[in-house]
Amino acid sequence: MFAKTLMNENIEDVYREIRADFEGALFRPGDLDYGRAAPVWNGMFDRRPGILARCKDVADIQTCLRAVRGSRVVTAVRCGGHSLAGFSTCDNGLVIDLSALRDVRVDATARTARFGGGCLLCTIDSATQTSGLAFPAGVVSHTGAGGLILGGGTGWLSRLYGLSCDNVDGFNLITSDGSVLRADSKENPDLFWALRGGGGNFGIVTEFEVRLHPVTTVILGRGFCVGDSIVRLLQYWRTFMPDAPDNLRWGFSLRNSDGVNGLHDAKGVPVANASALWVGDRTQGMKYVKHALAGHTDVSVQEMSFMTLQALADSDFPHGRRYYTKSGYFQILQDDVIHKMIDSLANVPSRFSEIELAYLGAAPARVAADETAFGDRSVPFVMNILSNWVAPGEDAANIAWARDLFNRLQPAMGPGVYVNFMSGDESERVPDAYRNRWERLRVTKAKYDPQNFFCLNQNIPPRETA
Ligand SMILES: Cc1cc2nc3c(=O)[nH]c(=O)nc-3n(C[C@H](O)[C@H](O)[C@H](O)COP(=O)(O)OP(=O)(O)OC[C@H]3O[C@@H](n4cnc5c(N)ncnc54)[C@H](O)[C@@H]3O)c2cc1C
């Protein structure tokens, strides 16, 4: 009770100090637009921040940091608001909202871009595609680029062009004391290393400087497998992918069939929903995509624009629904693991839930392990159990389904986990996510954020000095 009162008193002081010197928009509970500004993507995190500060520029961010530092008011940083763990919101505290920082400048000749720390993936794609260029990022276009890049960033183009963080040449960042820093291979190289995978632990990135690649059209094949053929398909996939060309990204969503898309007779049975993407030479692509989808039902192979591809999955993950995720890597995908995944669908409480399977390898695996802070690159099979449901009354059942499957699969998992696919109740897994990069990250944290001001994230506590 005392702590709560103290925090509320502090938030009033913080508000007064910010308001005196702020050019962006401030939202407080009771304000007309607060109800539109406050929510984050995951409906599980229906928090009420005491102040939502939509910063106009670097000076506004510095004003917020000056006002809140030392106040004991908890502070969240928000770009796209898509943290699966709900880190970009809080109750009673301050949210530093970067959504007004969405400027994108493309240098088509140099194939580079600079963009603001509040960009969504679609903001970047719209700007870069006018020059026929693309930045490798995620598969849902309303995701924020800030959180995605800082945690690593995997998506349609990563096998060919690397993780998002592998394509960053420099960051402009504000540390908790309001200092403006540059992090690249020459200036603050330790910070440059840490920001490529270490998440939002070190400061607020106001600008990303990145490399782009020529991509305008792609070939996407889709199809389904049901019943026993799923096992045979995944057995084939696991042997095929290690030698597949980087241009091919072939992955699956395992779920219960909804009885549409050519599966009228198979409603409610497990289905492997395959997507095989090819980026590059068309003739070769058609060959590989058709090969990948041989034996599938309802196969479609389409040449489509990169913009269409990027938005294809948007409506499967609407804002405001409830989500819970558990993730892990597998060095090899054993039969037992495949069977456990398929069997788990018999008890899945929501028709929207799925098990995503991807094979990374390729370009990301060729980056040396210690070149960036990003977690393990050596374990190629990536699994994401994604519970996705509507009714708050069904939280317990949906969370339990994901946890139960995870617990049964965990003994077979390889080391590590991708921090951006973790939930908010997994802080004990963060050291495992970074493994032998953990101590170096803690030292870097101690240098740039010694008070652990940026703590609403998959947290890296500063290493204590003697
Ligand atoms: C629908 C959906 C699809 C996804 N698809 C993919 C995918 O294809 N590939 C993939 O790799 N990941 C994917 N993810 C995971 C995604 O990378 C993370 O959820 C990520 O945090 C989203 O970034 P955001 O900026 O929207 O997050 P926010 O919720 O806005 O922020 C999350 C955290 O990131 C940090 N942060 C954000 N911006 C900044 C900044 N500018 N400076 C400093 N810190 C910052 C803060 O610590 C903050 O707490 C997906 C998530 C969702 C919800």
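Indexing begins at 1, ligand by ligand and atom by atom, following the structure's order. These numbers come from the heavy atoms of this one structure, side chains and all, not from hydrogens, waters or symmetry mates.
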Participant: Report yes if V139 has an N/O atom closer than 3.5 Å to an N/O atom of ligand 1; otherwise report no.
Facilitator: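 Yes: some nitrogen or oxygen of V139 is under 3.5 Å from one in ligand 1.
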Participant: Do any nitrogen or oxygen atoms of Y418 lie less than 3.5 angstrom from nitrogen or oxygen atoms of ligand 1?
Facilitator: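 Checking ligand 1 against Y418, an N or O pair does fall under 3.5 Å apart.
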Participant: Is it true that the NZ or CZ of R322 lies under 6.0 Å from the centre of Y324's six-membered ring and within 45 degrees of the ring axis?
Facilitator: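 Verdict for Y324: no cation-pi partner in R322.
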Participant: Under a 3.5 Å distance rule, please check whether Y288 uses its side chain to pair with a backbone N or O of A244 as donor and acceptor.
Facilitator: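 No; zero donor-acceptor contacts below 3.5 Å.
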Participant: Side chain or backbone, does G155 bring an N or O within less than 3.5 Å of an N or O on ligand 1?
Facilitator: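 No.
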Participant: Output the list of atoms in ligand 1 that are nearer than 4.0 Å to some heavy atom of I204, sorted by atom number.
Facilitator: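 Ligand 1 atoms under the 4.0 Å threshold to I204: 42 (N), 43 (C).
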Participant: For atom 14 (N) of ligand 1, find the nearest protein heavy atom and state the residue, atom name and distance (0.1 Å precision).
Facilitator: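 Minimum-distance protein heavy atom for atom 14 (N) of ligand 1 reads F421 CE2, 3.9 Å.
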Participant: Please list, in number order, the atoms of ligand 1 under 4.0 Å from a heavy atom of L150.
Facilitator: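 The list of qualifying atoms is 39 (C), 40 (C), 42 (N), 43 (C), 44 (N), 45 (C).
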Participant: Just to confirm my output: which protein heavy-atom neighbour is closest to atom 32 (C) of ligand 1, and how far is it?
Facilitator: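 Of every protein heavy atom, S83 CB, 3.7 Å lies nearest to atom 32 (C) of ligand 1.
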Participant: Tell me yes or no: between the side chains of S158 and R249, is some donor less than 3.5 Å from an acceptor?
Facilitator: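 Their side chains do not contain a donor-acceptor pair, so the 3.5 Å distance test is not met.
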Participant: If you measure from atom 1 (C) of ligand 1 to every heavy atom of F317, F87, F208, which option wins on shortest distance?
Facilitator: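 When every heavy atom of F317, F87, F208 is considered, F317 comes closest to atom 1 (C) of ligand 1.
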Participant: Can you report which non-hydrogen protein atom sits closest to atom 48 (C) of ligand 1, along with the distance?
Facilitator: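 For atom 48 (C) of ligand 1, the nearest protein heavy atom comes out as V77 O, 3.2 Å.
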Participant: Taking the minimum heavy-atom distance to atom 17 (O) of ligand 1, which of N459, L173, N420 ranks first?
Facilitator: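 Comparing heavy atoms across N459, L173, N420, the nearest one to atom 17 (O) of ligand 1 lies in N420.
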Participant: Applying a heavy-atom cut-off of 4.0 Å, say which part of V140 lies close to ligand 1: side chain, backbone, both or neither.
Facilitator: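 Only the side chain of V140 comes within reach of ligand 1.
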Participant: Given side chains that start at C-beta, do those of L98 and V205 come closer than 4.5 Å, heavy atoms only?
Facilitator: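 Counting from C-beta outward, L98 and V205 never come under 4.5 Å.
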Participant: Do any N or O atoms from the side chain of T217 and from the backbone of S305 form a donor-acceptor pair under 3.5 angstrom?
Facilitator: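 No, because the side chain of T217 does not come within donor-acceptor range (under 3.5 Å) of the backbone of S305.
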Participant: Side chain of D184, backbone of K186: donor and acceptor closer than 3.5 Å?
Facilitator: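 Present.
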Participant: Using heavy atoms and a 4.0 Å limit, tell me yes or no: is A76 in contact with ligand 1?
Facilitator: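 Contact absent.
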Participant: Under 3.5 Å, side chain of N167 to main-chain N/O of L163, donor-acceptor pair present?
Facilitator: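 Flag set: sc N167 to bb L163 pair under 3.5 Å.
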Participant: Taking only non-hydrogen atoms of G81, do any sit less than 4.0 angstrom from ligand 1?
Facilitator: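 Checking ligand 1 against G81, which is what was asked, there is a heavy-atom contact under 4.0 Å.
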Participant: Would you mind checking which non-hydrogen protein atom is closest to atom 50 (C) of ligand 1, with the distance to 0.1 Å?
Facilitator: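 I find the closest protein heavy atom is T143 CG2, 4.1 Å.
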Participant: Which bit of W41 gets closer than 4.0 Å to ligand 1, counting heavy atoms only: side chain, backbone, both or neither?
Facilitator: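 Near ligand 1, W41 shows its side chain, while the N, CA, C and O stay back.
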Participant: Only heavy atoms of G117, strictly under 4.0 Å: list the atoms of ligand 1 that pass.
Facilitator: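 Within the 4.0 Å cut-off of G117, ligand 1 contributes 41 (N).
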Participant: Does E354 reach the main-chain N or O of R255 with its side chain, forming a donor-acceptor pair under 3.5 Å?
Facilitator: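 Checked: no pair found.
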Participant: List every atom of ligand 1 that sits less than 4.0 Å from any heavy atom of T154, numbering the atoms from 1 in the order shown and giving each element.
Facilitator: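 Counting atoms of ligand 1 from 1, those under 4.0 Å from T154 are 7 (C), 8 (O), 9 (N), 10 (C), 11 (O).
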Participant: Please compare H82, H142, R78, R321 and report which has the shortest non-hydrogen distance to atom 52 (C) of ligand 1.
Facilitator: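 Considering heavy atoms of H82, H142, R78, R321, the nearest to atom 52 (C) of ligand 1 sits in H82.
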Participant: For residues W438 and D432, is any side-chain donor paired with an opposing acceptor at under 3.5 Å?
Facilitator: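 Checked: W438/D432 side chains show no N/O donor-acceptor pair below 3.5 Å.
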Participant: With heavy atoms of L98 as the reference, note each atom of ligand 1 found under 4.0 Å away.
Facilitator: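 Near L98, meaning under 4.0 Å from one of its heavy atoms, ligand 1 has 40 (C), 41 (N).
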Participant: Pull out every atom of ligand 1 sitting under 4.0 Å from any heavy atom of S88, numbered as shown with elements.
Facilitator: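 Taking each heavy atom of S88 in turn, ligand 1 has 28 (P), 29 (O), 30 (O), 31 (O) under 4.0 Å.
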Participant: Classify the angle between the aromatic ring planes of F381 and Y359 as parallel (below 30°), tilted (30 to 60°) or perpendicular (above 60°).
Facilitator: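 Plane angle over 60°, so perpendicular.
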Participant: If we ignore hydrogens and angles and just use 3.5 Å, is the side chain of R159 paired with the main-chain N or O of P245 as donor and acceptor?
Facilitator: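 Pair found, side chain donor or acceptor close to backbone of P245.
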Participant: Is there a donor-acceptor contact under 3.5 Å linking the side chains of D166 and T372?
Facilitator: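 Not at all, the side chains of D166 and T372 share no donor-acceptor pair under 3.5 Å.
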Participant: State whether the side chain of R102 and the backbone N or O of G118 hold a donor-acceptor pair below 3.5 Å, judged by distance alone.
Facilitator: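 Yes; judged by distance alone, with no hydrogens or angles, the pair exists.
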Participant: Do R321 and N388 pair up side chain to side chain, a donor and an acceptor below 3.5 Å, judged on atom types alone?
Facilitator: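 The criterion, which ignores hydrogens and geometry beyond distance, is satisfied for N388 and R321.
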Participant: Report, in ascending order of atom number, the atoms of ligand 1 lying under 4.0 Å from any heavy atom of L84.
Facilitator: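 Contacts of ligand 1 toward L84, numbered from 1: 19 (O).
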Participant: Looking only at distances, please establish whether an N/O atom of ligand 1 is found under 3.5 Å from an N/O atom of G144.
Facilitator: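 Between G144 and ligand 1 (N or O atoms, distance only) the closest approach is under 3.5 Å.
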Participant: Is there a donor-acceptor pair closer than 3.5 Å between any side-chain N or O of Q458 and the backbone N or O of S423?
Facilitator: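 Yes: the side chain of Q458 pairs with the backbone of S423.
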Participant: Do N10 side-chain atoms and R72 backbone N/O form a donor-acceptor pair below 3.5 Å?
Facilitator: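 A pair under 3.5 Å: no.
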Participant: What protein heavy atom is closest to atom 34 (O) of ligand 1, reported as residue, atom name and distance in Å?
Facilitator: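 It is G147 CA, 3.4 Å.
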Participant: Starting from atom 38 (N) of ligand 1, find the nearest protein heavy-atom neighbour and note its residue, name and distance.
Facilitator: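 Here the closest protein heavy atom is C79 CB, 3.3 Å.
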Participant: Donor-acceptor check, side chain of R222 to backbone of Q302, threshold 3.5 angstrom: yes or no?
Facilitator: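 Not at all, since once roles are kept as given, no pair shorter than 3.5 Å links the two residues.
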Participant: Less than 4.0 Å is my threshold; does some heavy atom of G203 fall inside it relative to ligand 1?
Facilitator: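 Heavy atoms of G203 do come under 4.0 Å of ligand 1.
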Participant: Please work out whether any backbone atom (N, CA, C, O) or any side-chain heavy atom from C-beta onward of Y323 is under 4.0 Å from ligand 1, and answer side chain, backbone, both or neither.
Facilitator: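 Y323 to ligand 1: no contact under 4.0 Å from either part.
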Participant: Starting from atom 42 (N) of ligand 1, what is the nearest protein heavy atom, named by residue and atom, and what distance separates them?
Facilitator: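 Looking at atom 42 (N) of ligand 1, the protein heavy atom closest to it is V205 N, 2.9 Å.
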Participant: Could you list the atoms of ligand 1 found under 4.0 angstrom from a heavy atom of L456?
Facilitator: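 That gives atoms 47 (O), 49 (O) of ligand 1.
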Participant: Return the closest protein heavy atom for atom 47 (O) of ligand 1 as residue, atom name and distance.
Facilitator: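 Here the closest protein heavy atom is G200 CA, 3.5 Å.
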